[in-house]
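Reading through the structure tokens given below for one structure.
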Amino acid sequence: MNSSPRVRFAPSPTGYFHVGGARTALYNWLIARKSGGKFILRIEDTDEARNGEEWVDGIISALSWLGIDWDEGPYRQSERSELYSKAVNRLIEERKAYWCDCKREEIDVRAKERGGPPGYDGHCRNLNKPKSPGSALRFAISRPGSTTVNDVVRGEVVFDHANLEDFIIVKSNGSPLFVLANVVDDINMKITHILRAEEHLPTTPKAILLFKALGVEELPVFAHVPVLVNAKRQKLSKRRDRVAVEDYRDLGYLAPAMVNYLALLGWSPGDDREFLTLDELIELFDLEKVNHSPAFFDEQKMQHFNGVYIRNLSDEEFVNYCYPFLEKCDWWTASDDQLYVFRAISPLVKERVSLLGEVPVMVEFLFTEDLRLPEDLVEQVLRKDAKAASILADIRSIYETIAQFSHDELNQATRNYCESIDTPLRKVQAPIRVALTGSKVGPPLFESIELLGRETTLNRLEKALQLINSR
RNA sequence: GGCCCCAUCGUCUAGAGGCCUAGGACACUACCCUCUCAAGGUAGAGACACGGGUUCGAAUCCCGUUGGGGCUGCCA
């Protein structure tokens, strides 16, 4: 490997930034950081019709959120057209490219007539046609011949030129096609390692031919990493799969958890370790150890990773990460009182969520004025259980008179009560929990009751009793 | 169709000819712990796609088959 590699991530702003792109960016970034090289961000926006400025913002904010920073850029191909025309002029002068005004239909008809593979037949190659309004520039591929791609992860891949058509490098509207812009920029930016998704492998011989035609003697190192696939094992696409990085952020994933998980799709440190810090990733990542086969993007496993990362947060960090999610709730006022209560319950919540987005629903009962009990739970836990009414009534009078409204005392008093009626606590807690929190699951009960306070607790018990009797 | 890539539990993977009775993780099942739910602990089920070679010996090397994927655009 070159002593100071220059790598680039070159997304096109044509849709949400998805996790596959994030992983490619990450791998590039890891190589740069590992070797003291440079990571360059380049926006490939040569196709005006499909670009959107909002997608550029999305790419930038997603990369920033993930902690993938760049040393140069973002460059934009749309601002570098002089570079491309210079290269184009050179290719034309050296007769390595020619103008072609064949229409797609004509090409298809000719292909059909001659049988065999579809594609352009080189019709205009020796016709010396001048540039005209409808013409596009094609690259003249040497024939016969073959081009070998020397790929770090794939090995040597040979492409026979017989299977390569004279491809277009400049559209009839004058803008360059991505292969051309790509190669010109890679030369100009002195890119040493081209690491991209496997889907680009078939166009690599074209790129190599262009590198050579433009006078490059030492080609960059190529590495094509396997694509990420959906459950049907198709390449992840922003159109059919909902996999935008920002969606995961909004769901409550922690960036380091996502980065950690992404790094492991297609690569492993070679042992059983799975939880790796960024520094460890930088140290251990090795292109030679990248897998060859596509990896399924498994949200379930990523969520598990996220849970582990959340539990590893300090209580204070956890609270801070939760605020944006609380602020989306209409019951959240961020009053001193609410802040106090949330801080108090948060360590118990931290152990119970795997997404930050799960936090509000778990604590809502502590903050809403009038708690609504779901009808099915009222039926199932309160009415169907013959003992529920008496338990709630008894507990209400116990809690009314308890000296210290602390979780220890509540716990003790409740346990004493359980003993007196010869019923296990696990049975007794169910109706209390539903009456007080509106849910069968949640943070530990007595801590919750303490934070609810005596008044609210007694009121809710009373309300639940009325509900039972009101049938 | 043509070209190219790929192939270990359902999933992500370890595996560089003997360390493999194929290891770990997610998910799943059971049990333990337990005030619910999580977390944690223990156990369990679960894979080398198939067929030929090469070799004393193959998950590992070669060939073929099958299967999957990608590309085949005046998209990137």
Going by side chain to side chain donor-acceptor pair (under 3.5 Å), A:Y84 matches just one of A:T46, A:N89, A:D185. Which one?
A:D185
NA contact type, A:R433, heavy-atom cut-off 4.0 Å: base, sugar-phosphate, or nothing?
base
Whole-Å distance, A:N230 CG to B:C12 P, equals 12 Å
Test for a donor-acceptor pair under 3.5 Å between the base of B:C74 and the side chain of A:S172, counting only N and O atoms.
yes
Between B:C75 and A:R50, counting only base atoms on the nucleotide and side-chain atoms on the residue, is there a donor-acceptor pair under 3.5 Å?
yes
What's A:E44 touching, base or sugar-phosphate or nothing? Going by heavy atoms closer than 4.0 Å.
sugar-phosphate
Quick check on B:A38: is either OP1 or OP2 less than 4.0 Å from any side-chain nitrogen or oxygen of A:S354?
no
Could you check whether A:R104 gets within reach of a base, just the sugar-phosphate, or nothing at all, counting any heavy atom under 4.0 Å?
sugar-phosphate
If you look at every strand shown and take non-hydrogen atoms under 4.0 Å, does A:H200 touch a base, only sugar-phosphate, or nothing?
base
Just name whichever nucleotide pairs with B:C3, Watson-Crick or G-U, keeping both distances under 3.5 Å, else none.
B:G70
Which residue lies toward the 5' end of RNA chain B, A:S268 or A:F446, if each is placed at its nearest nucleotide?
A:S268
Looking only at side-chain atoms of A:S293, point me to the closest of B:C6, B:A25, B:C35.
B:C6
Can you work out whether A:K440 or A:V227 has the more 5'-proximal nearest nucleotide on RNA chain B?
A:K440
Between A:W267 and A:F285, ring centroids under 6.0 Å
yes
Does B:C9 pair with anything, Watson-Crick or G-U wobble, both distances under 3.5 Å, and if so, with which nucleotide?
none
Can you find a side chain N or O atom of A:K235 that sits less than 4.0 Å from OP1 or OP2 on B:G68?
no
Under 6.0 Å between the ring centres of A:F305 and A:F275?
yes
Please determine whether a side-chain nitrogen or oxygen atom of A:N291 lies at a distance below 4.0 Å from atom OP1 or OP2 of B:C12.
no
Across every strand shown, the nucleotide meeting Watson-Crick or G-U wobble geometry with B:G64 (both distances under 3.5 Å) is B:C50
With a 3.5 Å cut-off and heavy atoms only, can you find an N or O donor on one side and an acceptor on the other between the side chain of A:R352 and the base of B:U36?
yes
State the pairing partner of B:C33; accept Watson-Crick or G-U wobble contacts with both distances under 3.5 Å, and report none otherwise.
none
Please identify which of these residues, A:R154, A:H292, A:R196, meets the side chain to side chain donor-acceptor pair (under 3.5 Å) condition with A:H224.
A:R196
Nearest to the side chain of A:E274, which nucleotide is it out of B:A7, B:C12, B:G70?
B:C12
Salt bridge (Lys or Arg N to Asp or Glu O under 4.0 Å) filter on A:D241, not counting sequence neighbours, yields none
Give a yes/no answer on whether the side chain of A:K171 brings an N or O atom under 4.0 Å of OP1 or OP2 in B:C75.
yes
Donor-acceptor pair (no angle test) under 3.5 Å: A:R426 side chain, B:C35 base
no
